[in-house]
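What follows is a set of notes on a single structure, which appears directly below.
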2 protein chains.
Amino acid sequence: MSRCENCIIRQFNSLRAMSKEELKRVSDTKTTKILKKGETIFEEGEKLNGVFCVRGGVSKLSKLSSNGKDQIVKLATKGAVLGQRSVISEEVANLSATAVNDMEVCFIPKDAIVDTLNSNPNFAVEVLRHMAHDLKEADDVIVNMSQKTVKQRVAEAFIYLEDNFGVDDKGYLALTLSREDIANVVGTATESAIRIISEFKKLGLIKASGKKIAIVDAKGLADLAVGI
Amino acid sequence: MSRCENCIIRQFNSLRAMSKEELKRVSDTKTTKILKKGETIFEEGEKLNGVFCVRGGVSKLSKLSSNGKDQIVKLATKGAVLGQRSVISEEVANLSATAVNDMEVCFIPKDAIVDTLNSNPNFAVEVLRHMAHDLKEADDVIVNMSQKTVKQRVAEAFIYLEDNFGVDDKGYLALTLSREDIANVVGTATESAIRIISEFKKLGLIKASGKKIAIVDAKGLADLAVGI
DNA sequence: TTCAAAACATGACAATTGTCAGTTCATCCT
DNA sequence: AGGATGAACTGACAATTGTCATGTTTTGAA
């Protein structure tokens with residue numbers, strides 16, 4: 001089985017601040033899981049006894065609102081460590097993680113993480129930096145959600161998808177989401193998202209081939225997103 | 001001048017994980033500031049060379065949206081440490097901090113914080129725990145902002161204010177916010193907030209005496225907030 | 001391949017929310 | 001006290017968004 005010491009993914013997350021010995025321990029206790037699209041990694045309210053390091057594929061982190069709708073709070077890809085927050089605060093998970101794609105994740109039991117946190121300041125600070133970054137992103141999302149129109153948020157979502165997941169050889173967004181997922185990222189009704197996507201197509205901002213979407217007029221989309 | 005070693009506020013935040021010597025260093029380098037209502041502690045985009053420990057009063061942390069409106073992301077009170085996130089990620093502040101009240105804050109130069117983070121795992125982990133908590137709260141705000149109606153959000157805001165800042169001897173919310181600030185917490189137009197507040201008064205959910213607001217029917221308000 | 005289920009799409013309408021305009025009220029300064 | 005300033009409030013209307021109903025296309029399993 002592959003070893004964390006040789007895993008490139010590690011360079012993208014806080015595990016890179018671990019010493020050789022610490023990493024060895026992680027590697028000895030970790031297990032690897034393959035998940036198919038739609039499967040859940042963990043659910044809101046579940047007690048996690050470890051974290052999940054994403055080696056491939058994309059996961060959506062979502063939370064059920066009291067009105068019964070799902071809100072996607074974040075999309076996590078290669079290098080992301082899921083469940084870290086819950087393990088650190090010793091609370092149940094506040095989000096659900098679901099595979100949007102076929103995924104490969106490594107489960108790392110929490111002791112290896114917690115012990116390293118308590119003994120290796122480099123690692124603790126590295127985790128802290130990542131969490132500080134996540135917090136900033138979350139603050140930005142709050143502002144966007146509360147101050148922008150649905151149309152602006154959809155435009156932003158496409159830009160975000162292109163920036164973070166890239167495009168395929170034909171220029172289509174590498175990450176394909178269902179209209180429902182897009183609606184749940186943006187925080188709107190599925191019908192509203194569909195209508196806006198249709199409008200964007202008519203305006204020549206995007207084009208679509210089946211479920212795949214490509215940004216045609218990046219400038220126009222960006223202008224729309226900031227309200228021009 | 002008062003010393004951090006004797007400061008009770010410390011018990012509410014991550015400074016409690018500092019050793020005697022570390023605390024002494026903080027105390028020797030800190031300065032205390034008195035701020036009047038409306039004054040700013042720091043602004044979005046500013047480079048911070050330290051953090052601010054709130055000893056008294058309340059601060060609003062807000063961010064300007066591209067459409068020109070302010071969104072209040074968080075209200076911080078006694079014990080809160082402001083600017084921590086920016087110092088840790090070595091980025092400019094992503095939020096502005098303004099006194100909602102008369103305030104007393106201590107400024108702690110960043111070296112004392114950063115050096116302790118790098119050498120004392122207990123402190124690093126304690127800061128991490130606080131940040132994990134903030135992140136969870138931010139996720140909840142994202143869900144509320146995107147999935148709840150303005151009316152529900154206003155109801156939640158009052159409950160939040162009562163839970164976090166308490167009431168005075170007559171039962172009125174201890175923290176008095178302008179209608180504009182309430183609107184900016186909730187992410188809506190000032191007029192909409194005012195209208196909803198009037199409606200809540202008519203429904204007997206709250207009462208008002210001048211700017212002061214009191215919750216009359218906590219159950220009714222809570223039901224409304226979750227959509228019953 | 002064929003059929004059922006799910007996803008996508010659109011119309012019609014209702015509800016929510018924002019905007020603009022104007023009035024009243026409170027506060028603060030000289 | 002008087003007046004100026006800003007906050008609080010209200011009405012009317014427009015724009016946005018959600019909901020329900022219904023049809024079409026795509027997808028996936030038998």
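Lettering of chains follows the sequences in order, A, B, ..., and the numbering in each one begins at 1.
The salt bridge (Lys or Arg N to Asp or Glu O under 4.0 Å) search around B:K78 returns none, not counting sequence neighbours. With sequence neighbours left out, the ring pair (Phe, Tyr, Trp, His ring centres under 6.0 Å) criterion links B:F42 to B:F52. The salt bridge (Lys or Arg N to Asp or Glu O under 4.0 Å) check on B:D217 picks up nothing, with sequence neighbours excluded. In this structure A:R55 satisfies the salt bridge (Lys or Arg N to Asp or Glu O under 4.0 Å) test together with A:E104, sequence neighbours excluded. Residues forming a salt bridge (Lys or Arg N to Asp or Glu O under 4.0 Å) with B:E199 (at least two apart in sequence, or on another chain): B:K151.
Counting 5' to 3', DNA chain D first comes under 4.0 angstrom of a heavy atom of chain A and last does so at the ends given by D:dT17 to D:dC20.
None of B:T31, B:I41, B:T29 except one satisfies the side-chain contact (heavy atoms from CB on, under 4.5 Å) rule with B:F107; the exception is B:T31. Of the residues A:R153, A:E156, A:Q152, the one that meets the side-chain hydrogen bond (donor to acceptor under 3.5 Å, both in side chains) test with A:N144 is A:E156.
No more than 12 heavy-atom neighbours from other residues, nucleotides or ligands sit within 6.0 angstrom of NZ on B:K207.
Residues from residues 196-206 of chain A lying near DNA chain C, meaning a heavy-atom separation below 4.0 Å, are A:S198, A:K201 in numerical order. Within residues 64-77 of chain B, the residues approached by DNA chain C to less than 4.0 Å at the level of any non-hydrogen atom are B:K69, in residue-number order.
Map A:G187 and B:T190 each onto its nearest nucleotide of DNA chain D; the residue landing nearer the 5' end is B:T190.
End-to-end axis angle of the helix from C:dT1-D:dA30 to C:dT30-D:dA1, using five pairs per end and rounding to 10°, comes to 50°.
Here ring-ring contact (aromatic ring centres under 6.0 Å, His included) pairs that include residues 206-228 of chain B, with residues two or more places apart or in two chains, number zero. Evaluation of the side chain to side chain donor-acceptor pair (under 3.5 Å) test over residues 159-174 of chain A, restricted to residues two or more places apart or in two chains, returns none.
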Are any protein N/O atoms closer than 3.5 Å to N/O atoms in nucleotides 21-30 of chain C? If there are, list each pair with its distance.
none

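Looking at A:S27, its side chain never comes within 3.5 Å of a backbone N or O of A:R3 through a donor-acceptor pair.
Considering OG1 of A:T176 and CD1 of A:I213, their distance stands at 8.0 Å, rounded to 0.5 Å.
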